[in-house]
Amino acid sequence: MKSAVETLEPTKVKLTVEVDYDELKPSIDHAYEHIAEQVNVPGFRKGKVPPRIIDQRVGWAAVIEHAVNDGLSGFYQQALGETELRPLAQPQVDVAEIPAKAGEGQLKFTAEVEVRPEIELPELADVDLTVDSTTVTDEDVAERLEALRERFGTLVGVDRPAAEGDYVVIDLKAVIGDEEVDSVSGVSYQIGSGNMLEGLDEALTGLSADETTTFKAPLAGGDHEGQEADVTVTATSVKQRDLPEVDDDFAQLASEFDTIEELKEDLKTQVAGIKTSNQAVTARDALMEKLLETVEVPVPTGVVEAEVHRHLESENRLEDDTHREEVREDATKAIKNQILLDTLAEKLKVQVSQGELVEYLVSASQQYGMEPGEFIKTLEQGGQIPAMVGEVARSKALAVALRQIEVKDSEGNVVDLSEYIGSDEADEAQAALADAVAQAQDADAPEGADSDAAEPAKA
């Protein structure tokens with residue numbers, strides 16, 4: 001089989017494949033066998049009709065069509081392997097030539113397909129990353145303590161105009177023209193939270209219990225989203241949150257500690273842990289940002305448009321051009337990140353162990369509210385396991401890359417992130433364990449049994 005690649009765009013190629021008759025013959029033989037089982041020819045049993053009779057009764061055109069349809073996918077996949085192309089979408093295939101008769105000729109087809117572009121990554125050792133220090137300040141502890149006081153605070157009614165931070169129980173009605181388009185009653189809202197209507201904070205500030213005011217605001221959701229409405233709001237009550245005193249009694253109420261000093265020391269430890277964890281997250285994000293700044297990543301427009309269409313169709317918003325642009329921007333960014341991380345995973349020869357894959361799938365199953373076994377079975381039936389392996393590999397690629405970079409904090413200290421990004425030694429030990437398990441399974445398994453379950457999955 002011969003394969004040739006013509007680059008049409010940075011992310012699109014034309015693959016020309018020529019398959020000689022001998023390579024196509026297994027598919028032709030299979031076509032004869034299949035057709036023989038379908039046709040009734042006097043004097044021959046089903047499945048025993050010889051090829052020359054099928055050529056006479058059914059015709060060579062039907063045989064070769066069946067053979068090409070049967071073998072085309074395999075020849076295409078073989079050509080991808082030989083040319084090392086990495087397709088990002090389904091190809092547009094055009095059959096240019098087929099054998100004119102039995103025993104001679106060739107199959108020739110072309111496939112235009114969007115592929116992962118070749119990009120040149122920088123040397124990771126040359127990348128400098130800086131993250132925040134883990135030093136805990138008095139302000140950090142005070143902030144955590146204030147948040148804890150908020151949790152144990154009590155709402156108390158006040159006889160005064162509402163101010164920022166107060167909780168107001170409101171009745172609200174929105175009208176466009178003469179039509180009432182929305183209304184709520186008895187809803188508690190904290191002034192300053194800004195999570196309802198634009199202008200609501202300003203309207204409620206200075207309002208006492210049982211007072212009403214009106215204002216104009218664009219609606220934030222529903223059938224009239226974005227349209228300006230006349231809003232009437234009534235404050236039925238105004239409450240402030242009274243916070244407990246910072247003393248030993250509060251420490252005993254809010255924690256397992258007897259004194260406020262013990263509680264503060266524990267909060268300091270908590271803040272240090274959070275800051276250390278945040279260093280790993282910040283380092284990963286900073287590395288991704290540095291790579292994107294350094295590398296020009298061409299994005300396949302066809303893949304982007306297909307994702308945009310799928311997204312809008314699922315929301316029944318195909319005619320929403322404004323939203324289309326938002327989705328296109330998000331899709332472009334996501335695909336660019338995927339191309340970059342796939343290239344990084346390949347460069348670093350990242351492999352995903354069975355344990356890492358299972359851990360990811362169990363976590364994902366919880367997000368979907370499904371039992372892990374049921375979730376994994378659903379993915380297997382849909383052929384989605386390879387995609388999940390890719391997701392794990394991309395995430396792991398950043399961690400493996402960070403192992404090659406000296407990360408420092410804002411005070412110039414080298415940061416040890418091994419607790420969060422693992423180590424090459426740990427990966428090697430895990431791979432060795434997987435090999436040992438595989439060998440043990442091979443020794444115990446009956447001849448011919450599949451023992452690949454413990455092998456690492458390639459990204």
Side-chain angles (χ1 to χ4, degrees), residues 136-176 180-222 224-226 228-275 277-278 366-367 369:
V136 180
T137 65
D138 292 340
E139 289 76 12
D140 293 328
V141 175
E143 185 178 330
R144 296 283 292 183
L145 187 60
E146 190 67 14
L148 195 57
R149 291 177 70 204
E150 287 279 353
R151 285 176 51 194
F152 286 89
T154 56
L155 292 179
V156 179
V158 293
D159 185 18
R160 59 166 174 75
E164 184 170 354
D166 286 342
Y167 289 80
V168 184
V169 177
I170 62 173
D171 295 337
L172 183 146
K173 180 176 67 174
V175 176
I176 296 179
E180 181 178 315
V181 295
D182 197 9
S183 66
V184 294
S185 180
V187 174
S188 179
Y189 176 78
Q190 184 180 22
I191 297 178
S193 61
N195 57 7
M196 282 188 70
L197 284 177
E198 182 181 318
L200 181 59
D201 290 333
E202 292 80 0
L204 290 175
T205 301
L207 215 61
S208 298
D210 296 325
E211 288 187 343
T212 300
T213 189
T214 60
F215 63 100
K216 292 182 180 293
L219 297 180
H224 299 275
E225 180 180 355
E228 189 172 80
D230 294 309
V231 182
T232 301
V233 61
T234 300
T236 60
S237 67
V238 179
K239 299 179 181 180
Q240 69 179 20
R241 185 182 290 277
D242 284 351
L243 303 182
E245 294 294 327
V246 180
D247 53 23
D248 291 346
D249 289 339
F250 173 64
Q252 294 165 22
L253 170 68
S255 70
E256 70 272 25
F257 301 107
D258 293 327
T259 67
I260 192 64
E261 291 306 318
E262 290 176 312
L263 174 57
K264 287 182 177 179
E265 195 61 34
D266 182 66
L267 293 177
K268 185 176 181 179
T269 301
Q270 290 181 33
V271 173
I274 293 171
K275 286 194 171 190
S277 175
N278 286 345
Q366 295 171 350
Q367 296 178 15

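Note that the coordinates shown come from a computational prediction; the quantities given were computed from them, not determined experimentally.
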Student: Quick check: closest heavy atoms across K264 and V141, and the distance to 0.1 Å?
Tutor: O-CG1, 4.0 Å

Student: Is atom CG of N195 surrounded by more than 12 heavy atoms (other residues, nucleotides or ligands) closer than 6.0 Å?
Tutor: yes

Student: What are the two closest heavy atoms between A162 and V168, and how far apart are they?
Tutor: CB-CG2, 3.9 Å

Student: Grab the two heavy atoms, one from A163 and one from I191, that are nearest each other, plus how far apart they are.
Tutor: O-CD1, 3.6 Å

Student: Please report the interatomic distance CG(D201) to CD(Q190), rounded to the nearest 0.5 Å.
Tutor: 9.5 Å

Student: Just wondering, are more than 12 heavy atoms of other shown residues or ligands nearer than 6.0 Å to CD in E198?
Tutor: no

Student: Looking at every heavy atom in both D166 and R160, which two are closest together, and how far apart are they?
Tutor: OD2-NH1, 2.7 Å

Student: With rounding to the nearest 0.5 angstrom, report the OG1 to CD distance, T154 to Q240.
Tutor: 9.0 Å

Student: Determine the minimum heavy-atom distance between L219 and A174, stating which atoms define it.
Tutor: CD2-CB, 4.0 Å

Student: To the nearest 0.5 Å, how far apart are NZ in K173 and OG1 in T212?
Tutor: 10.0 Å

Student: Starting at CD1 of I274, measure out to OG1 of T269 and round the result to the nearest 0.5 Å.
Tutor: 11.0 Å

Student: Could you grab the distance from atom CG of L197 to atom CG of L172, nearest 0.5 Å is fine?
Tutor: 6.0 Å

Student: Which distance, rounded to the nearest 0.5 Å, do you find between the CG of L267 and the CD of E143?
Tutor: 11.5 Å

Student: List the steps, then state whether side-chain hydrogen bond (donor to acceptor under 3.5 Å, both in side chains) holds for T259 with D248.
Tutor: CA-CA 4 Å; T259 67; D248 291 346; 4.9 Å; no

Student: Might you confirm whether atom NZ of K239 has over 12 heavy atoms from other residues, nucleotides or ligands at distances under 6.0 Å?
Tutor: no

Student: Which heavy atom in Q252 sits nearest to a heavy atom in D258, and how many Å separate them?
Tutor: NE2-O, 3.0 Å

Student: Show the numbers, then the answer: is there a salt bridge (Lys or Arg N to Asp or Glu O under 4.0 Å) between K216 and D230?
Tutor: CA-CA 5 Å; K216 292 182 180 293; D230 294 309; 2.5 Å; yes

